[in-house]
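The structure appears right after this line, and notes come after that.
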Amino acid sequence: MPDIQWQNYVVYIFFIIVLAFFGFTIGDSGFLSVTNLFNIARTTAMITVIAVAMTFVISAGELDLSVGSTTALAALVCALVMQAGFPWPVAVLAAIASGLVVGVLNGFFVTVIGIPSFLVTLGMMQFIRGVDMRVTYTNPISISNQSFNGLFGSGYVFGVPSLLIWSVVIAVLGHVVLKYTGFGREILATGGNRQAAEYSGVKTRRVKFYAFLLSGAAAALAGMLYSGMMQTARFNFGEGAELMAIAAVILGGTSLFGGKGTILGTFAGSLLIGTINNGLIIMGLDVSEQMMISGAIIIVAVAFGKKPGAA
């Protein structure tokens, strides 16, 4: 029981420790200011959105490494559609559709063909990143539509960043679906014991397929949030996002082996990683040092995602 309780609350304990550490060391540099705290929430919103959907995928016993490149694909599709003269709602639908296409492909190869999700999504990650680079020959695409930019990234609602609102809304919806709906229970049952779930009447392949669809759609939304915040679309959006999302999910208390998931923990895990990155930047660490710390976070996340007693 003590191990289980530690796993359930470790992300909140770490969050308090990290806040206290940075508060004492760089508090006079504005770390705890409202502006900086909002900045942390803004810069982690995209990872939060991806991580919420990743919670469903991992809870079902699978993995999706293609979300980062899908993020860039959706951003580029959205920008290109608006550049072609279509209104921004059409561009949004096109971006979501691109994410769903990736989800369909991942789900098909995993649930119908039977290829392990790690291999499928790893290959898809590389393939889509190549498509991202080829579509615009690595050139950025400017987005001048202020309605889109305000709604999906740079705007504020009663002084609250729209990116924070997006991340909170997605987290709340994810929490409700995973904890209180039949689909959420089927996700957890599928990841916990697929054979037992099938004997209970759960169509596990369909459940996993829907999880990949959800992941693709969430990655597309994250791409539009990146675009709205930066007011441009780039081929390298989402680089490393899959690792940060997985780290946030596992740190939050979701089992890497499936069958156990918590959206609230994922949300806290995402904020924890964003807080660490922000604090390291304010402390003046260079990129290589930040990458080493981020890598250490992923290792710690996997360690705490280990089942008690598992080899």
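This one's a predicted model, so the numbers in the text were calculated from it and none came from an experiment. Position 1 is the first residue of the sequence, and the numbers go up from there.
Between Asn106 and Ser117, the side chains place no donor N or O within less than 3.5 Å of an acceptor N or O (distance only, hydrogens not considered). Inspection of the Thr204 and Thr190 side chains reveals no N or O donor paired with an N or O acceptor under 3.5 Å.
Between Phe56 and Phe183, the closest side-chain pair of non-hydrogen atoms falls below 4.5 Å. Side chains of Met124 and Leu105 form a contact here, defined as non-hydrogen atoms less than 4.5 Å apart. The shortest side-chain heavy-atom distance between Ser69 and Phe127 does not fall under the 4.5 Å cut-off. Between Asn39 and Thr43, some side-chain heavy-atom pair lies under the 4.5 Å cut-off. Taking the side chain as every heavy atom from C-beta outward, Ile281 and Leu285 never approach each other to under 4.5 Å. Residues Thr48 and Ile170 form no side-chain contact, since every pair of their non-hydrogen atoms from C-beta on lies 4.5 Å or further apart.
In this structure a side-chain-to-backbone donor-acceptor pair under 3.5 Å is present from Asn139 to Thr136. Ser167 contributes no side-chain N or O that, together with a main-chain N or O of Ala45, makes up a donor-acceptor pair within less than 3.5 Å. With Asn149 contributing its side chain and Ile143 its backbone, the two residues share a donor-acceptor pair below 3.5 Å. Ser270 contributes no side-chain N or O that, together with a main-chain N or O of Phe267, makes up a donor-acceptor pair within less than 3.5 Å. Not a single donor-acceptor pair under 3.5 Å links the side chain of Arg42 to the backbone N or O of Leu163. Not one N or O on the side chain of Ser215 forms a donor-acceptor pair closer than 3.5 Å with the backbone of Phe212. At least one donor-acceptor pair closer than 3.5 Å links the side chain of Thr121 to the backbone N or O of Leu65. Thr25 places a side-chain N or O within 3.5 Å of a backbone atom of Phe21 that can act as its donor or acceptor partner.
Hydrophobic clustering of Ile, Leu, Val, Met, Phe, Trp and Tyr side chains at less than 4.5 Å, counting indirect connections, unites Leu173 with Leu264. With hydrophobic clusters built from ILVMFWY side chains whose heavy atoms lie under 4.5 angstrom apart, Val112 shares a cluster with Val120. Transitive grouping of hydrophobic side chains (ILVMFWY, heavy atoms separated by less than 4.5 Å) keeps Ile16 and Leu19 in distinct clusters. Leu256 and Leu119 fall within the same hydrophobic cluster, defined by Ile, Leu, Val, Met, Phe, Trp and Tyr side-chain heavy atoms under 4.5 Å apart, directly or through other members. Taking hydrophobic clusters as Ile, Leu, Val, Met, Phe, Trp and Tyr residues chained together by side-chain heavy-atom distances below 4.5 Å, Val168 shares a cluster with Val34.
Taken to the nearest 0.5 Å, the CG atom of Leu214 stands 10.5 Å off from the CG atom of Asp64. In this structure, OG in Ser255 is found 7.0 Å from NZ in Lys260, a value given to the nearest 0.5 Å. Note that the CG atom of Leu164 and the CZ atom of Phe38 stand 6.5 Å from one another [nearest 0.5 Å]. Interatomic distance, CD1 of Ile40 versus OG1 of Thr275, reported as 4.0 Å (0.5 Å rounding). To the nearest 0.5 angstrom, Gln146 atom CD is 13.0 Å from Trp88 atom CH2. Here the CG-CD1 distance, from Leu271 to Ile276, works out to 11.0 Å after rounding to the nearest 0.5 Å.
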- Please assess Val92 against Val81 for the test side-chain contact (heavy atoms from CB on, under 4.5 Å), listing each intermediate value before the final yes or no. CA-CA 9 Å; Val92 168; Val81 171; over 6 Å; no
- Val11/Phe15 under side-chain contact (heavy atoms from CB on, under 4.5 Å): CA gap, chis, key distance, verdict: CA-CA 6 Å; Val11 66; Phe15 192 66; 5.6 Å; no
- Item | side-chain contact (heavy atoms from CB on, under 4.5 Å) evaluation trace for Ile273 with Ile47 | CA-CA 10 Å; Ile273 293 174; Ile47 298 299; 5.9 Å; no
- Does the pair Glu62 and Val110 meet the rule for a side-chain contact (heavy atoms from CB on, under 4.5 Å), with working shown? CA-CA 9 Å; Glu62 302 295 345; Val110 172; 4.0 Å; yes
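Across every non-hydrogen atom of Thr44 and Gly274, the tightest pair is CG2-CA, 3.1 Å. The shortest non-hydrogen separation linking Ala53 to Ala218 is CB-CB, 3.4 Å. Considering all non-hydrogen atoms of both residues, Ser29 and Ile282 come closest at CB-CG2, 3.8 Å. For Phe209 against Val104, the heavy-atom pair with the smallest separation is CE1-O, 3.7 Å. Taking every heavy atom of both residues into account, Leu151 and Trp166 meet most closely at O-NE1, 2.8 Å. Residues Ser227 and Ala75 share a closest heavy-atom pair of OG-CB, 3.1 Å.
The side chain to side chain donor-acceptor pair (under 3.5 Å) test with Thr55 singles out one residue from Thr262, Thr266, Thr254, and that residue is Thr266.
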Considering only distance and modelled atom types, tabulate donor-acceptor pairs under 3.5 Å from the side chains of residues 228-251, sequence neighbours left out.
residue	atom	partner	partner atom	Å
Thr232	OG1	Ile141	O	2.9
Glu242	OE1	Gly68	N	3.4
Glu242	OE2	Gly240	N	3.4

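Counting only residues at least two apart or on different chains, the salt bridge (charged side-chain N to carboxylate O under 4.0 Å, His left out) pairs with a member in residues 187-198 are Arg194-Glu198.
Taking the six-membered ring for Trp and thresholds of 30 and 60 degrees, Phe22 and Phe31 have ring planes inclined between 30 and 60 degrees apart.
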